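Letters A, B, ... are given to chains in the order of the sequence lines, protein chains preceding strands, and every chain is numbered from 1. Model, not experiment: these values are computed from the prediction.
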Amino acid sequence: MRRCATPAARPRIRPLTEVVLRSMATVLSIADALRERFAQAISTAFPDAADSDPQLRRSDRADFQANGIMSLAKPMRANPREVAARVLENLGSDQVIANLEVSGPGFINVTVTDAAILESLAARAADARLGVGSDAEAGVTVIDYSQPNIAKEMHVGHLRSTIIGDALVRTLEFTGEKVIRRNHLGDWGTQFGMLIQYLVEHPAELGDDTEPEDVGPSMSRLNRLYKASRAKFDSDADFADRARRRVVQLQAGDAETVASWQGMVDESKIYFEAVYARLGVLLEDADAVGESYYNPMLADVCADLEASGVAVRSDGALCVFFDDIKGPNGEPTPLIVQKSDGGYGYATTDLAAIRDRVGLLGANQVLYVVDSRQALHFQMVFETARRAGWLPDNIRALHLGFGTVLGKDGKPFKTRSGETVRLMDLLDEAVDRARTVVAEKSPQLATEELEDRAKQVGIGAVKYADLSTSRTRDYIFDADRMVSLNGDTGTYLQYAYARIQSILRKAPDGATPTAHQNLALEPAERALGLLLDEFGTTTDLVAETFEPHRLCAYLHSLAAAYTAFYEQCPVLKAPSREVTETRLLLCQLTGQTLRQGMDLLGIGTPERL
RNA sequence: GCGCUCAUAGCUCAACGGAUAGAGCACUUGACUACGGAUCAAGAGGUUGCAGGUUCGAAUCCUGCUGAGCGCACCA
C-alpha cells in the first residue's frame, strides 16, 4: 500500500490511536488531528454520513477551515450553517482548538492554541526525521531516469530527467519506499555500427588527445567521432553498407567489434560520471544498466510474445496491435518488437526491462522519467507487458513525462548554431556566476572553500530552476533564470538556511532551543510554526504525485515565513530568556526542515554563504 | 484524420472543487550605525483563450469551439 497523503485519497478515517501507534517518532500534524476530530464529530452527529470528508484546509481567515459541511448538508436538504452547528456540538473541547466559528455559507473556521503549535514544534525538533513517519508497508520502486546515449553529449533534456529522477528517488526513499535506480544507457543499436566502423577505419580518432577541454577530453573526442561518422554515413553509401555489416558483427559478438564498442562505452561513462559528480546526484556505476544488458533476452521476449499470440507477423515484422491506435492513413500502428530484418528496437528492450524489473527485481512500481513525447510508446509498451502477463494488474507502471525544454522562440532548445547546449558549459556558467557573487560577499575565503560554496550555490540554482516548475509542462529554457541567485531560487533557500545557522551560532551561553509551552506567540511565529507542521504532509504529497515542485513551493513559503519572522521577532534581543529559547527552537527547526527538504531535492545547504 | 498535452498579471510560473486567483522577474516608492540587505515592507499589474453545462460553490470537472506544441510502421 502506498501512503495516503491527500485527504481525498484517504479511503476512510482511522481511529486516532491506530495512527499514533504506527510509529512512536511520528508526530501527528495539527491538520491531521483536526481532520480526525471533525470526522468523528460528523460521524457522531450524522451516523448516516460517517464517511464524509471534513475537507480540512489551511485558511487565510483563520488557521484552518473545514469546507466539507456544505457538501454534507446538501443531500440532507439541511441548512449548512445548522449542520455546522450540530457538528461543533459534537466536537468536544481540548487544548488544541482555541476558537471555532461558522462563517459564510457554512465554512467552519478553526483557530488553534499557541500551546498546540508549541507542542508540535517541540516534538518535531526532538525527532531526527522531524516527526515524519516512514511507511512500514512501503513497496519496491524501480525508477528509470537520466538515460544518456553513449558517444553523445548530454543535453538539457537529460539534465531534466536526471534532476527530477534524483529528487524523486530521494523523496520516495524518505517516505520508506525501497528504491532501485536504473540508468537506461543508450549503449546499443544500429548507430554503433557506424561509430565502430569509422573507428576501425580511423584508428587514431579516439587516441587523439590534443584538445583537452573542460568537458573532459574523452567526451570531446567521442563527440567528434559521432559527428564525423554520421557525416560519413550520410554521404558515403559504401561506408553505410560497411556500417550495417558492422552492426551484425557486434550482435554476433565479434571480438574486435565488441572491444571497440566496450572502449566507447567506458570512455562515455567517464564523462557521464563527471556530470553526475558535478551535479551531485545519487546515480552510480552500478545503476547504469544499459540497453545492451537486455540484449540476450530479446529473442526470448519475442518468442514469448509470438507464442502467446500477443504479437503477430505483419509485413515481416513482429508486431503488437491496439484497437485504438491508428496512424494518419487510418491503418493501425503497431508496437514493433522485431524488425523485418530480424533486428530489435528499443520497444523490445523496454519490454525485456519490465520483465526483468518486475520478475527479477520484485518491483511493484516501475517509473520512467522520460520526455513526454514518448507517451504513446510507453502506453503501448505497458499494454503489451500487461497482455503478456509480465505486468500484473497490481503492479503500477507510470511514465512520468516531463515537458520539452524549449528555446525563447518556443521551439526545442538549440544554440544559435543549431546544436544542443553542452551540459557542462551550462553548469560551469552557473558555478562561475555563483563564484563571482560568493567571492564578492566573502572576499576572505580560501580558494577551496570558495569553490565548494560556488558549486553548491550554482548547482543548487540549476536544480531548483528545473524542479520548481511543474514537471508536465514544456518550459522555456532561460539560462539567466536558471543560474539566477535572486528571487524564488535555490539560493534564496540557502541564504535563509545560512542566516539561521548564523543566529544559532550566536545564541547566548546557556540558551537552549526550547519550546516554552506557556508563551503567547506572535503572528509571525504562529505562521512559521504552522508551516513547519506541514513538512511531512508535503513530502507525502510529492511521493504520491511525483511532483517535486510542490516541495519547492513549500520550502519557498517556509523560507519566506522565516524571513518575515526574522524581521518581526528579534531572537537574540528578545524580551526574555524564555522567548529567546522558543525563538531559537523555531530557528533550529526551520533550519532542520530546510536542510531535510533541500536534501530531498538534491540541493546542498552550506552553513555559510 | 486520430490521439496526447497545454492556454492564468508585461515575462517565467503556482494554485488539494471552496470565501478576495498567488509567487518570482521587470516597474514605482520606502527601509542599510544590519541578530547576514543574496533581504524586507508597500504599490501597480487579471473578464484564468471563447461559449455552454454540472455544482450551494469552477482556473480546476464535462461538452463544443479557437489557438499552440507534440506523437502516430521497422530511429531511440
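Close to B:rA14, at under 4.0 Å from its OP1 or OP2, lies a side-chain N or O of A:Thr469. Residue A:Ser484 has no polar side-chain atom (N or O) positioned under 4.0 Å from OP1 or OP2 of B:rC25. Considering only side-chain N and O atoms, A:Arg499 lies under 4.0 angstrom from the phosphate OP1 or OP2 of B:rG37. Side-chain nitrogen and oxygen atoms of A:Tyr495 include at least one within less than 4.0 Å of the OP1 or OP2 phosphate oxygen of B:rA38. For A:His377, no side-chain nitrogen or oxygen approaches OP1 or OP2 of B:rC72 to under 4.0 Å.
Legend: residues meeting side chain to side chain donor-acceptor pair (under 3.5 Å) with A:Thr489, ordered by chain and number and at least two apart, are absent. Residues passing the side chain to side chain donor-acceptor pair (under 3.5 Å) test with A:Asp341, sequence neighbours excluded: none. Annotation: side chain to side chain donor-acceptor pair (under 3.5 Å) contacts of A:Thr469 (sequence neighbours excluded): none. Every residue two or more places apart in sequence or in another chain that forms a side chain to side chain donor-acceptor pair (under 3.5 Å) with A:Asn183 is listed here: A:Tyr276. Take A:Tyr492 and apply the ring-ring contact (aromatic ring centres under 6.0 Å, His included) test, not counting sequence neighbours, and it matches A:His556.
A:Ala496 comes within 4.0 angstrom of nothing in the nucleic acid, heavy atoms only. Within 4.0 Å of A:Ser103, counting heavy atoms only, lies at least one base atom of the nucleic acid. Nucleic acid contact for A:Ser314: base, since at least one base atom lies under 4.0 Å from a heavy atom of the residue. In this structure, A:Thr333 reaches the sugar-phosphate backbone alone: every heavy-atom distance under 4.0 Å involves primed, P, OP1 or OP2 atoms, never a base. Residue contacts for A:Asp315: at a heavy-atom cut-off of 4.0 Å it reaches a base atom on one of the strands shown. When heavy atoms are screened at a 4.0 angstrom cut-off, A:Ser71 is found touching base atoms of the nucleic acid. Within the 4.0 angstrom heavy-atom criterion, no nucleotide atom of any strand lies near A:Glu331. Residue-level contact check: A:Gln191 touches neither bases nor backbone, having no heavy atom under 4.0 Å from any strand. Residue contacts for A:Asn109: at a heavy-atom cut-off of 4.0 Å it reaches a base atom on one of the strands shown.
Separating the OH atom of A:Tyr226 from the P atom of B:rA76 is a distance of 11 Å, rounded to the nearest angstrom. Rounded to whole Å, atom C1' of B:rG37 lies 14 Å from atom CG of A:Leu609. If you measure from atom CG of A:Asp371 to atom P of B:rG69, you get 16 Å, rounded to the nearest angstrom. Going from atom CE of A:Met380 over to atom C1' of B:rA76 covers 13 Å, rounded to whole Å. Residue A:Glu440 contributes atom CD, which lies 9 Å from atom P of B:rA38 at whole-angstrom precision. Regarding A:Leu406, its CG atom lies at a distance of 13 Å from the C1' atom of B:rU12, rounded to whole Å. One can place CD of A:Gln65 at 13 Å from C1' of B:rG17, the figure rounded to the nearest angstrom.
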Do any N or O atoms of the protein come closer than 3.5 Å to N or O atoms of nucleotides 2-7 of chain B, and which pairs are they?
residue, atom, partner, partner atom, Å
B:rA7, OP1, A:Arg473, NH1, 3.0

Distances under 3.5 Å between nitrogen or oxygen atoms of protein and nucleotides 21-24 of chain B:
residue, atom, partner, partner atom, Å
B:rG24, O2', A:Asp488, N, 3.3

Between the protein and nucleotides 28-35 of chain B, list the N/O to N/O atom pairs that are separated by less than 3.5 angstrom.
residue, atom, partner, partner atom, Å
B:rC35, OP2, A:Lys573, NZ, 3.4
B:rC35, O3', A:Lys506, NZ, 3.3
B:rC35, N3, A:Val571, N, 3.3
B:rC35, N4, A:Tyr566, O, 2.3
B:rC35, N4, A:Cys569, O, 3.4

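Side-chain contact check for A:Leu555 versus A:Leu551: some heavy-atom pair is nearer than 4.5 Å. Contact check for A:Tyr497 versus A:Leu609: no side-chain heavy atoms found under the 4.5 Å cut-off. Between A:Arg608 and A:Glu449, the closest side-chain pair of non-hydrogen atoms is not below 4.5 Å.
Salt-bridge formation is detected for the pair A:Asp32/A:Arg35: a Lys NZ or Arg NE/NH1/NH2 atom is positioned less than 4.0 Å from an Asp or Glu carboxylate oxygen.
The side chain of A:Arg550 sits closest to B:rA15 out of B:rA73, B:rG18, B:rA15.
Rounded to a whole angstrom, the distance from the P atom of B:rG22 to that of B:rC27 is 24 Å. Comparing the same atom, P, in B:rA14 and in B:rG24 gives a spacing of 16 Å after rounding to whole Å. A gap of 37 Å separates the C1' atoms of B:rC11 and B:rC35, to the nearest Å. For the P atoms, the distance linking B:rU12 with B:rG17 amounts to 26 Å, nearest Å. B:rC13 and B:rG49: their P atoms are spaced 15 Å apart (whole Å). To the nearest whole angstrom, the two P atoms, one in B:rU47 and one in B:rA59, are 14 Å apart. Using atom C1' as the reference point in both B:rG57 and B:rU20, the two lie 15 Å apart (nearest Å). Distance noted for atom P between B:rA73 and B:rU54: 41 Å (whole Å).
With respect to A:Trp188, the ring-ring contact (aromatic ring centres under 6.0 Å, His included) criterion is satisfied by exactly one of A:Trp261, A:Tyr346, A:Tyr293, A:Tyr344: A:Trp261.
Between A:Phe382 and A:Tyr368, the ring-plane angle classifies as tilted under the 30° and 60° cut-offs.
With rounding to the nearest 0.5 angstrom, the CD atom of A:Glu153 is 5.0 Å from the CG atom of A:Asn223.
Taken residue by residue, residues 429-439 of chain A places heavy atoms nearer than 4.0 Å to RNA chain B at A:Val437, A:Val438.
For the side chain to side chain donor-acceptor pair (under 3.5 Å) condition, the pairs that include at least one residue of residues 581-590 of chain A, sequence neighbours left out, are A:His516-A:Glu581, A:Glu525-A:Arg583.
Contact annotation: side chain of A:Glu291 to base of B:rA76, donor-acceptor pair absent below 3.5 Å.
When base pairs are accepted only as Watson-Crick or G-U wobble with both N-N or N-O distances under 3.5 Å, RNA chain B takes part in stems of 3 or more pairs at B:1-5 with B:68-72, B:10-13 with B:22-25, B:27-31 with B:39-43, B:49-53 with B:61-65.
By the 6.0 Å contact criterion, CZ on A:Arg81 is enclosed, its count of non-hydrogen atoms from other residues, nucleotides or ligands being greater than 12.
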Solution key, residues 321-335 of chain A side-chain donor-acceptor pairs under 3.5 Å, sequence neighbours excluded:
residue, atom, partner, partner atom, Å
A:Lys326, NZ, A:Asp323, O, 3.1
A:Asn329, OD1, A:Glu331, N, 3.0
A:Thr333, OG1, A:Gly327, N, 3.1

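When only modelled atom types and interatomic distance are considered, A:Asp488 and A:Tyr464 share a side-chain donor-acceptor pair under 3.5 Å. No side-chain N or O of A:Glu101 forms a donor-acceptor pair with one of A:Asn99 less than 3.5 Å apart.
Evaluation of A:Tyr492 against the base of B:rA38 yields no stacking contact (centre distance < 5.5 Å, interplanar angle < 30° required).
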